Amino acid sequence: MSDLWTVWWVWIVAALVLTIIEVFIPAFVFLGLAVGALVVGLGLGFGLLGAIGVTVPMLLMLFAVASVIAALALRAIIGVRRGQVKHWDRDINE
């Protein structure tokens, strides 16, 4: 099972699945995870990560770091703008 984590196309498929989930549940969380999976998949696919002999925990750490950086970048680019105020028209208890 741990050999599956080191196959490049598994990470690319995971990125595609997370992107599809993002389409149906728009929260920008899944898109950040998809970018992280894409970074790991491309790194493995082009042999950049295989050349240095990464282990599964290192791949998961790279995935986590890339996902957080992508989520923060997406939040800065697409997210809530400064000065944007949410106006409530009615109370939810009415």
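If you read the sequence from its start, that first residue is 1, and numbering goes on from there. Since the model is a prediction, treat every value here as computed from it, not as a measurement.
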Which atom pairs, one a donor and one an acceptor, fall under 3.5 Å between side chains of residues 18-35 and the rest of the protein, sequence neighbours left out?
residue: T19; atom: OG1; partner: A15; partner atom: O; Å: 2.7
residue: E22; atom: OE1; partner: F28; partner atom: N; Å: 3.3
residue: E22; atom: OE1; partner: F30; partner atom: N; Å: 3.2
residue: E22; atom: OE1; partner: L31; partner atom: N; Å: 3.1
residue: E22; atom: OE2; partner: A27; partner atom: N; Å: 2.9
residue: E22; atom: OE2; partner: F28; partner atom: N; Å: 2.8

Same hydrophobic cluster for V13 and L49, using side-chain heavy-atom links shorter than 4.5 Å among ILVMFWY? yes

4.5 Å side-chain heavy-atom contact, V7 and L44: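 Side chain of V7 against side chain of L44, heavy atoms only: no contact under 4.5 Å found.
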
Judged by atom type as modelled, is there a donor-acceptor pair below 3.5 Å linking the side chain of W5 to the main-chain atoms of V10?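 No; judged by distance alone, with no hydrogens or angles, the pair does not exist.
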
Check D3 against T6 and note the closest heavy-atom contact, atom names and distance. O-OG1, 2.8 Å

Please report, to 0.1 Å, the donor-acceptor pairs under 3.5 Å made by any side chain of residues 51-74, with sequence neighbours excluded.
residue: S67; atom: OG; partner: F63; partner atom: O; Å: 2.7

What's the spacing between W11 CH2 and L16 CG if we round to 0.5 Å? 14.0 Å

